[in-house]
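Computed from a predicted model, the values in this text were never measured in an experiment.
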Amino acid sequence: DGWHDVENSAWRWTAREFGAVIENTAGATRFELRFTSPVERAVTIEAEVNGFALPNQAFHGAGEHVYSQPIAVAGRRNSIRVRVGGETLSDGRELGIVVKLPARTMIDEECGLRMMGARTETLLL
């Protein structure tokens, strides 16, 4: 939940709160959210991986950013929740941040958006 339609076949706006399921090799020890803020503003990212809260992190300005935090050892299928704080944006939709989708992304009836992560020690979104 919390994702708007795909734009330009490559990226999606999120709502101010969104989730995903990331499938990855079990044992990942880091979570990274790579995102863009297309306008000059400050945003705060709050995230949870498998129900465990990660530290908040503030980002300033327009451009590309990376929220990166160590996590408890991840399993094969991992539930991600993200909240975006800061200035509210709207074009008729509630907008959070822009996330470029990995090539191996699919819509899943059970869980919504599913990311098929690379075989790394990092859960990438």
Side-chain angles (χ1 to χ4, degrees):
D1 63 323
W3 294 83
H4 296 293
D5 292 334
V6 175
E7 297 185 40
N8 297 324
S9 301
W11 52 273
R12 294 176 90 167
W13 272 102
T14 69
R16 292 179 64 85
E17 183 168 343
F18 61 97
V21 171
I22 299 176
E23 292 190 1
N24 197 65
T25 302
T29 57
R30 183 160 215 83
F31 169 65
E32 287 190 358
L33 168 64
R34 298 172 185 270
F35 69 95
T36 300
S37 183
V39 297
E40 195 68 35
R41 67 178 177 144
V43 297
T44 300
I45 301 295
E46 301 174 32
E48 292 179 5
V49 175
N50 298 326
F52 294 99
L54 302 178
N56 298 351
Q57 188 172 348
F59 299 88
H60 303 280
E64 296 182 9
H65 303 284
V66 178
Y67 171 84
S68 181
Q69 297 292 332
I71 59 172
V73 175
R76 172 86 176 99
R77 185 176 172 136
N78 304 277
S79 176
I80 310 298
R81 295 294 310 161
V82 177
R83 284 170 293 288
V84 180
E87 179 184 347
T88 302
L89 297 177
S90 177
D91 66 355
R93 304 173 291 180
E94 175 193 289
L95 303 177
I97 55 177
V98 172
V99 176
K100 183 175 180 179
L101 298 178
R104 295 179 60 197
T105 302
M106 62 192 303
I107 302 301
D108 183 287
E109 295 276 332
E110 177 186 340
C111 64
L113 188 67
R114 186 185 334 172
M115 310 294 183
M116 307 298 284
R119 305 281 184 214
T120 70
E121 294 179 356
T122 304
L123 296 178
L124 299 174
L125 176 59

Any luck finding a side-chain donor-acceptor pair between Q69 and Q57 under 3.5 Å?
yes
Between R12 (side chain only) and H4 (backbone N and O only), is there a donor and an acceptor less than 3.5 Å apart?
yes
Report yes if the side chains of V82 and L33 come closer than 4.5 Å at any heavy-atom pair, otherwise no.
yes
Going by distance alone, is a donor N or O of one side chain under 3.5 Å from an acceptor N or O of the other, for T36 and E64?
no
Taking every non-hydrogen atom, the tightest pair across G61 and E40
CA-OE2, 3.1 Å
Just jot down the ring-ring contact (aromatic ring centres under 6.0 Å, His included) partners of Y67, sequence neighbours excluded, or say none.
none
If every non-hydrogen atom of V73 is compared with every non-hydrogen atom of G27, which pair is closest and at what distance?
CG1-CA, 3.5 Å
Would you say R16 and T88 make side-chain contact, with heavy atoms under 4.5 Å?
yes
Heavy-atom check, side chain of D1 versus side chain of F18, under 4.5 Å:
no
Go through the structure and list residues passing salt bridge (Lys or Arg N to Asp or Glu O under 4.0 Å) with D91, not counting sequence neighbours.
R93
Between N78 and G75, which heavy-atom pair has the shortest distance, and what is it?
ND2-O, 2.8 Å
Ignoring hydrogens, what is the shortest heavy-atom contact between W3 and G19? Give both atom names and the distance.
NE1-O, 2.6 Å
Considering all heavy atoms, the nearest E94-A15 contact
OE2-CB, 3.4 Å
Would you mind reporting whether L89 and W13 have side-chain heavy atoms less than 4.5 Å apart?
yes
Sub-4.5 Å side-chain heavy-atom contact between L95 and T14
no
May I ask you to decide if the ring planes of H65 and F35 are parallel, tilted or perpendicular, using 30° and 60° as cut-offs?
tilted
